[in-house]
Amino acid sequence: MEISHERARLLDERIPRRVRDLAQHWLDSLSDKARQLVQVAAAVGGSFMVVEVASMLRETTASMLPALNETIASGLLICPGEQTVFQHELVRRSIADALPAAVRQALRQDVSALRRQHCLQVPMPPEFLVTGGRPAGTPVPGSTDAPAPLPAPATLPSSSAEPGIVHRLLPALLMARSTRTEPLPLGLGDELRAGLTAVLQAHYAGVELTGTADAPLADRADRITRNTVSLFADGVQRATTRARAMLAAHQGRDDEADAVTATVVMSNLEWAVGNLAEGLRWGQRAVQRLGPATPPMWSPYVRLALATKLSDIGRFEEAEGLISTARTEAEALGQPHTATPSIARAMLLLQSSRLQEAQDSARTGLEVAAKTGGGWVVPVGQAVLILVALRRGDLASAADYAWRCRAAVGADSTVFPSIHFDWGECLVATAQLGARRTAELLTTTYAHLLTSPQLFVEEAAAAAWFVRLALAADDMPLASTVVTAAERFAAANPGRPTLAVAALHARGLLERDSEALRQAAREHVSPCAGALAEEDLGVLLSAQEEKNGALGAAALRSALQRFVQIGSQGDIERIRAFMEEHGTPVTSTPRQGRTATAGWEALTETERSIAHLVSDGLTNRQVARRVSLSPHTVNYHLRAIFRKLGIGSRVEVARHITHSA
């Protein structure tokens, strides 16, 4: 090999033995399912779509998520866009070459047939971090892979790095609900230091400060940079210790950037472990500390960090006010900063059960992030879209968002861990796999969700949802574990009624306590959580048919009406199916939800949006960018549109919309 400018070039077409040994070592470290996924993907070629490999393995996207996450965490695969690729092409070749030639050929024939069947247009593989040293367009000897253009050598960041890295990492740090589990990569840390120094020097050069006049500008910027970068710590305890020490030793102005940052980090870490009062106190103090010494880039994210916490506990109006102020500040800073307020507002809208607005706000934020470099906001925005799609009964889109969310987490080292990602995946798995298999996952892959303070405060119905799942799987120990955790969390935060009612809802389900469920339905701040509690009440009373059958039917109709008002089509269909199965009439409830099976009224809102874009002449790939879906999922929806409208072409879609108008 010849290595120059951080790129490796083979001097011989043969793959070195040490690369083959590395590839085998990598494979041996994976689980059986992850190893099978990697071997099939390696044979398929340089890039692939997850749904393809899942179909070839006779799995669903949801059931493949643990294996997919494992391969990304191992560093084998990355997902820079809609396609998933091997991070190192030589490793992919090594894995593929280790398979018998007949097997490779059969797998490639299978994926070709699959792509023809679904009309998938798969682009050429993107550039790889390590190339075979071949001239552009030259195939690999002995390989049937299509040639891919080779990139120009990557350039190293200079010592005078642009402050753009700050646009990505600072919001991630200030908005994170936890901390990193490992240090920043060396190159990224150096780039962040250079960018922060440039931002701080530019700010302090134009601001007249009192109390620190004897400190040279360069020294002040260097001190604040070192303090801030130290907060990108590897572990909660280390981050907490550093933030506390920094605040204790801070001398000078409390509104300097490092003091404000440490205060926000303290707020986030207290919130993550369930100390809500302390989390709010630190968050409010951070907003109060904003002043002349705080660079403008900090202000919107400090406000948004507090706004998301207020939204978690149902103080939606206060949160809206902070988001509005942050949006104004972000717009003054320029487009890279406007994505975060949109995503933060999408989370608030989802928690207040305003599904369409949440979807629109998330898509707006993702559109900006796609243009400017997403960082932390991309997977959080995708997580919002997962939950909206599930509420609307659109499982195909939810599964697609789940994979894209996890791929974004694995592909971007600026993303901090978030409970949103695992929660969305878990819900998709339940919808596709059923209660029993998901309950098994809750003892392994998603075990941390069962006792997560962060999840219980952000998702009002999470504890009750786990109990409902456990009861469906006849797993009483699992149900008891969740109820105990929810009650312990509520007791540790006595001033938070949202937590108390969530624990009451979970306990009511476990003990079949109709009064507890009735109270939860009445007191939940979240409209969706309240409707779920009323549904649980109706199901319980309906089981006592002789005594409370009429009361159960009334509760179910009330829950149905609440879901209709929310626009939660998936919940509407579930309740209707239960009522029809038990012979409970639903005619007393206005049928505001769509119930048609054919025609325009049968289309979901996503399908209607796609139909309009198709009628405007957009391709599947162009539509996918507009609605934040993959081209494959757009194709899935387009087939559903054809079926419901009784047509067979895109031209007929346009004609149908024109006639309807």
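These figures come from a predicted structure and were not determined experimentally. FYI, side chains are in, hydrogens and waters are out, and symmetry mates aren't considered; it's all heavy atoms of this structure.
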Heavy-atom side-chain proximity of Lys309 to Ser267 below 4.5 angstrom: yes

Taking every non-hydrogen atom, the tightest pair across Ala520 and Val501: CA-CG2, 3.6 Å

Side chain Asp513, main chain Ala516, donor-acceptor under 3.5 Å: yes

Basic-acidic side-chain contact under 4.0 Å: Arg303, Glu329: yes

Carboxylate-amine/guanidinium contact Arg437 Glu440, below 4.0 Å: no

Glu425 side chain reached by Tyr446 side chain, heavy atoms, under 4.5 Å: yes

Any donor-acceptor pair under 3.5 Å from Thr444 side chain to Leu441 backbone: yes

Glu534 and Arg522: CA distance, side-chain angles, deciding distance, side chain to side chain contact (heavy atoms under 4.5 Å, CB included) verdict: CA-CA 8 Å; Glu534 192 148 30; Arg522 186 170 59 249; over 6 Å; no

Any donor-acceptor pair under 3.5 Å from Asn493 side chain to Leu276 backbone: yes

For Thr240 against Met266, the heavy-atom pair lying closest together: O-SD, 4.0 Å

Salt bridge present between Arg574 and Glu535 (N-O < 4.0 angstrom): yes

Taking every non-hydrogen atom, the tightest pair across Val482 and Phe456: CG1-CZ, 4.2 Å

Donor-acceptor contact present, side-chain Thr484 to main-chain Ser480, <3.5 Å: yes

Residue pair Leu478 / Leu450, side-chain heavy-atom distance below 4.5 Å: yes

Chi angles and distances behind the side chain to side chain contact (heavy atoms under 4.5 Å, CB included) call for Val483, Val467: CA-CA 7 Å; Val483 171; Val467 173; 3.7 Å; yes

Under 3.5 Å: donor-acceptor pair, side chain of Ser342, backbone of Ala362: no

Thr308 (side chain) donor-acceptor with Ala305 (main chain) under 3.5 angstrom: yes

Step-by-step salt bridge (Lys or Arg N to Asp or Glu O under 4.0 Å) determination, Glu573 to Arg576: CA-CA 5 Å; Glu573 292 171 359; Arg576 288 194 189 282; over 6 Å; no

Straight-line distance of Leu390 CG to Ser568 OG, nearest 0.5 Å: 9.5 Å

Shortest non-hydrogen separation from Leu310 to Ala319 and the atoms involved: CB-CB, 4.1 Å

Side-chain touch Phe421/Ile386, heavy atoms, less than 4.5 angstrom: no

Derivation and outcome, salt bridge (Lys or Arg N to Asp or Glu O under 4.0 Å), residues Lys33 and Glu70: CA-CA 10 Å; Lys33 183 176 284 191; Glu70 183 181 349; over 6 Å; no

Heavy-atom side-chain proximity of Tyr401 to Val384 below 4.5 angstrom: no

N/O donor-acceptor pair under 3.5 Å between Glu318 side chain and Ala307 backbone: no

Val380, Val377, Leu174 screened by side chain to side chain contact (heavy atoms under 4.5 Å, CB included) with Thr340, the one that passes: Val377

Straight-line distance of Glu320 CD to Leu348 CG, nearest 0.5 Å: 5.0 Å

Carboxylate-amine/guanidinium contact Arg436 Asp475, below 4.0 Å: no

Nearest atoms (heavy-atom pairs only) where Glu607 meets Ile641: O-CD1, 3.3 Å

Residue pair Ser526, Ser353: steps toward the side chain to side chain contact (heavy atoms under 4.5 Å, CB included) verdict: CA-CA 7 Å; Ser526 164; Ser353 302; 4.0 Å; yes

Non-hydrogen side-chain atoms of Trp465 and Thr430 separated by less than 4.5 Å: yes

Residue pair Gln359, Arg354: steps toward the side-chain hydrogen bond (donor to acceptor under 3.5 Å, both in side chains) verdict: CA-CA 9 Å; Gln359 176 180 280; Arg354 294 149 68 182; over 6 Å; no

Trp600 and His612 aromatic ring geometry - parallel, tilted or perpendicular at 30°/60° bounds: perpendicular

Nearest non-hydrogen partners of Gly567 and Leu355, listed with the distance: O-CD1, 3.9 Å

Gly321 backbone acceptor or donor facing Ser324 side chain under 3.5 Å: no

Working for side chain to side chain contact (heavy atoms under 4.5 Å, CB included), residues Thr498 and Val457: CA-CA 8 Å; Thr498 52; Val457 69; 5.6 Å; no

Nearest-0.5 Å distance that lies between atom CD in Gln454 and atom CH2 in Trp423: 13.0 Å

Full working for side-chain hydrogen bond (donor to acceptor under 3.5 Å, both in side chains) between Thr338 and Glu331: CA-CA 6 Å; Thr338 59; Glu331 289 172 350; over 6 Å; no

4.5 Å side-chain heavy-atom contact, Gln382 and His420: no

Leu449 vs Phe466 side-chain heavy atoms within contact, under 4.5 Å: yes

Electrostatic pair Arg363-Glu367, nearest N-O below 4.0 angstrom: no

Interatomic distance, Leu471 atom CG to Met476 atom CE [nearest 0.5 angstrom]: 6.0 Å

Atom pair CG (Asn268) and CH2 (Trp282), whose distance is rounded to the nearest 0.5 Å: 12.5 Å

Inter-residue atom distance Leu427.CG - Leu395.CG, 0.5 Å rounding: 11.0 Å

